[in-house]
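Quick note on labels: first sequence line is chain A, next is B, and so on, each numbered from 1.
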Number of protein chains: 2
Amino acid sequence: MCEHGIIVYVEMREINPKIRIKDIAELAGVSEGTVDRVLHQRGDVSEKSKLAVTKVLEEMNYTPNLFARSLASKKQYRFVCLYPMHQPGEYWENVDKGFDLAAIDFIHHNVHVEKRWFNQFDSNSFIAVSNEVLSSEPDAVALSPIFREETIEFTNELTKRDIPFSFIDSQIDDVDFLTYYGQNSFKSGYIAAKLLLSELSEKAQILVIRTHRKGSASNQTLARNKGFMQYINEFNLQEKFELINVELNNDDENANLQTLKEKFNTYTNIKGAITFNSKVYRLAMHLAALDHADVRLIGYDLLEKNISYLKQDVVSYLIAQRPDKQAYFTVRDMCRELIFKQEIRKINYVPIDILIKENIEDYMYFTE
Amino acid sequence: MCEHGIIVYVEMREINPKIRIKDIAELAGVSEGTVDRVLHQRGDVSEKSKLAVTKVLEEMNYTPNLFARSLASKKQYRFVCLYPMHQPGEYWENVDKGFDLAAIDFIHHNVHVEKRWFNQFDSNSFIAVSNEVLSSEPDAVALSPIFREETIEFTNELTKRDIPFSFIDSQIDDVDFLTYYGQNSFKSGYIAAKLLLSELSEKAQILVIRTHRKGSASNQTLARNKGFMQYINEFNLQEKFELINVELNNDDENANLQTLKEKFNTYTNIKGAITFNSKVYRLAMHLAALDHADVRLIGYDLLEKNISYLKQDVVSYLIAQRPDKQAYFTVRDMCRELIFKQEIRKINYVPIDILIKENIEDYMYFTE
DNA sequence: CGTATCTTCGTGGGCGAACACGGAGGGCAG
DNA sequence: CTGCCCTCCGTGTTCGCCCACGAAGATACG
């Protein structure tokens, strides 16, 4: 009977990894409880039993049934997600969606995803919310490090309390985070330059839009800018393309329109324009109003308005970075680390997706 | 006690959808068994009870714990996947990976994924394998319809036996399939034309490579070709670009090299080249050998060799279609349909991904 | 040699759902 | 009134795993 059991399981090994704790116990000549103690390193096991179990575990290539595990376990997990509050249609809304989806997907593993927002233009708001998060004692934290110093202070506190945390969208190198999901901004700036400039065969002027965040400019846009410049330097295009810096602001669109109008009066050979933040739609809007739709436009992120201008051929390229996946995978990896005890990768650069009028539709469709 | 229960669950509704059958039963004033009968439409329930249960189900927004369900269910599922046998490094290897991953992910839902291969150059091989599949009585079949007529015969037989089937990679419209995952080939041909031609500012000759499959040319490549031509016609580029058709074959690389050499002797202004199948590496190889690396090259699919030439800047663009996801999602949707009883979408066009030297790395990295 | 203490380990109940089994109650014929 | 069938529905077992409880064996000490 016992021999028969062994034969069956050895046969099944390649085909079917459905080995149960019960089987392991039987093969090792111990009880299920002992196997469980070994599996969870809960002690109270003799060296001899432990060895026997470990050996069989190895041989049988045991993988636990994670569903049964979560079903039986009464441990609850709270993952807090900390990122900027936002309006509908903004970049962070896609992050929202990713967290929401993860919340549904992992709820039966006893995971509760809690979203917390702060004002990205006010570091005090971040400090306040992060303190609340701290005192609520979460099991893990996902956050977007908008404010460098304040984030470091927060994550140091988390480290002190043994609460793992993950970065999303951009990272801070000096602290010990669990995962990072985000785009390689430098590269994406380089690619933007390539896409925008390689099709301009003659000398031209290029508008480079900058928007000031109150306080500091974001890491993201700075790095993109650097990547952009790298391309120009690498191919010695300083002569061919004259870069015109334009400062826009977040509130006053009339002023922005005026600013752009002046630029077009001053410079008469403007053939391209780029924004390094997600608001290329604003530029598109003004250029359409000023009757300069022939200017090649490139920008970032799949906001609804951006997509609309892409479809209308006002924007030539959008560079996307799957923010929903970033959020989703961040939560998934927390599960893998804390619940499933699986290997995870620390640094995760998401693809730099190149979207044009012709492929945007299937792209959006596929990701629902 | 009962009231207390109600209050708790109503409170939890927004936050926590962890409503159990037991709760539903209690609220509806019936037993768990009755709820179960209603849920599975297994009959033997009075109109009154059924109504009560349905009402509570609705109100509580009940979603079953799919893990607990699979754990308890002893029903086993066999999904057979039918597609071309292949060498390492070929397109179909990525499909393999997707099926393998799905096999692991869904094994604890009692799903067994079985891969079957046929010779894509021999329709008899397909007929033989498909007959074997039929007699093995699978619960669902995923297949790539390489041979149109033979596939229709097969799927008709499947329909007769109430076995659902899904298409992958390309589809056949006239039969009633469960899902289709694949690229919109016409569009991807159109995009290829745009990418290849829009950067060529002067008159040029373009090599259009064709490879004959024994028997018929594939749907895929034909549609891509059509899309390509559509772009040229739409922008009246017939004058600007002279298309040179080149016929290559699958076996004799020396002959192919010779053929290309002759073309370059005959035509002296060749500036671009495209293949509509996945073997652009072959073209890249020959062009490198003939010292024509300046020719802009575009091709399809992320074979290792293709990627290598992309990284070396011999190939300018690769257009990709996530074959692994196609396979994975096909199996996932079978689970959703047959096991989870969830809504699925029939036609699923996968994104037309545009890869260049600069974004290929993060793309590959992200999908492991 | 009996008893107390510690280490090691087996057993049983429960997680949420599926499903088989059989019991309760009503209707109807004998 | 008894016996039988039919409709409706509650109960109990099972899936693989977790974990609390407490039993058995080993060791120490009076």
Listed nucleotide nearest any side-chain atom of Arg37(A), set dC9(D), dG10(C), dG16(C): dG10(C)

Can you tell me which nucleotide in dC9(D), dC19(D), dC15(D) comes closest to the side chain of Ser73(A)? dC19(D)

Ser49(B) vs dC9(D): side-chain N/O to OP1/OP2 distance below 4.0 Å: yes

Side chain of Val45(B), heavy atoms from C-beta onward: which of dC9(D), dG16(C), dC19(D) has the nearest atom to it? dC9(D)

Between Asp105(B) and Arg332(B), is a salt bridge (charged side-chain N to carboxylate O under 4.0 Å, His left out) present by the stated rule, with each step listed? CA-CA 9 Å; Asp105(B) 270 16; Arg332(B) 185 201 60 181; over 6 Å; no

So which one's nearest nucleotide on DNA chain D is more toward 5', Ile21(A) or Gly33(B)? Gly33(B)

Hey, does the side chain of Arg20(A) come within less than 4.0 Å of dG16(D)'s phosphate (OP1/OP2), counting only N and O? yes

Using OP1 and OP2 only, check whether a side-chain N or O of Thr34(B) sits under 4.0 Å from dG10(D). yes

Kindly say if Tyr62(B) contacts the phosphate of dG16(C), meaning a side-chain N or O under 4.0 Å from OP1 or OP2. no

Between C1' on dG10(C) and NZ on Lys22(A), what's the gap in Å once rounded to a whole number? 14 Å

Would you kindly give the CZ-to-C1' distance between Phe340(A) and dC18(D), to the nearest whole Å? 16 Å

From CZ of Arg42(B) over to P of dA20(C), roughly how many Å is that when rounded to an integer? 7 Å

Atom-pair distance (CG on Asp44(A); P on dG22(D)), nearest Å: 16 Å

Atom-pair distance (NZ on Lys75(A); P on dC17(D)), nearest Å: 16 Å

Of Tyr83(A), Phe177(A), Tyr181(A), which is the lone residue that meets ring pair (Phe, Tyr, Trp, His ring centres under 6.0 Å) with Phe167(A)? Phe177(A)

Arg116(B) versus Leu143(B): any side-chain heavy-atom pair under 4.5 Å? no

Ala72(B) side chain, from C-beta outward: closest of dG16(C), dC17(D), dC9(C): dG16(C)

By nearest-nucleotide position on DNA chain D, the 5'-leaning member of Ala68(B) and Glu32(B) is Glu32(B)

Round to the nearest Å and state the distance from Lys74(A) atom NZ to dG13(C) atom P. 14 Å

So does Lys22(A) pair up with Glu26(A), basic N to acidic O under 4.0 Å? no

Could you work out which one of dT11(C), dC19(C), dG16(D) sits closest to the side chain of Leu71(A)? dG16(D)

Heavy-atom nearest nucleotide on DNA chain C for Ser46(A) versus Asp36(B): which residue maps closer to 5'? Ser46(A)

Among side-chain atoms of Glu93(A) and His86(A), is any donor-acceptor pair under 3.5 angstrom? no

Which part of the nucleic acid does Asn65(B) contact within heavy-atom distance under 4.0 Å: base, sugar-phosphate only, or nothing? sugar-phosphate

Kindly say if His40(A) contacts the phosphate of dC18(D), meaning a side-chain N or O under 4.0 Å from OP1 or OP2. yes

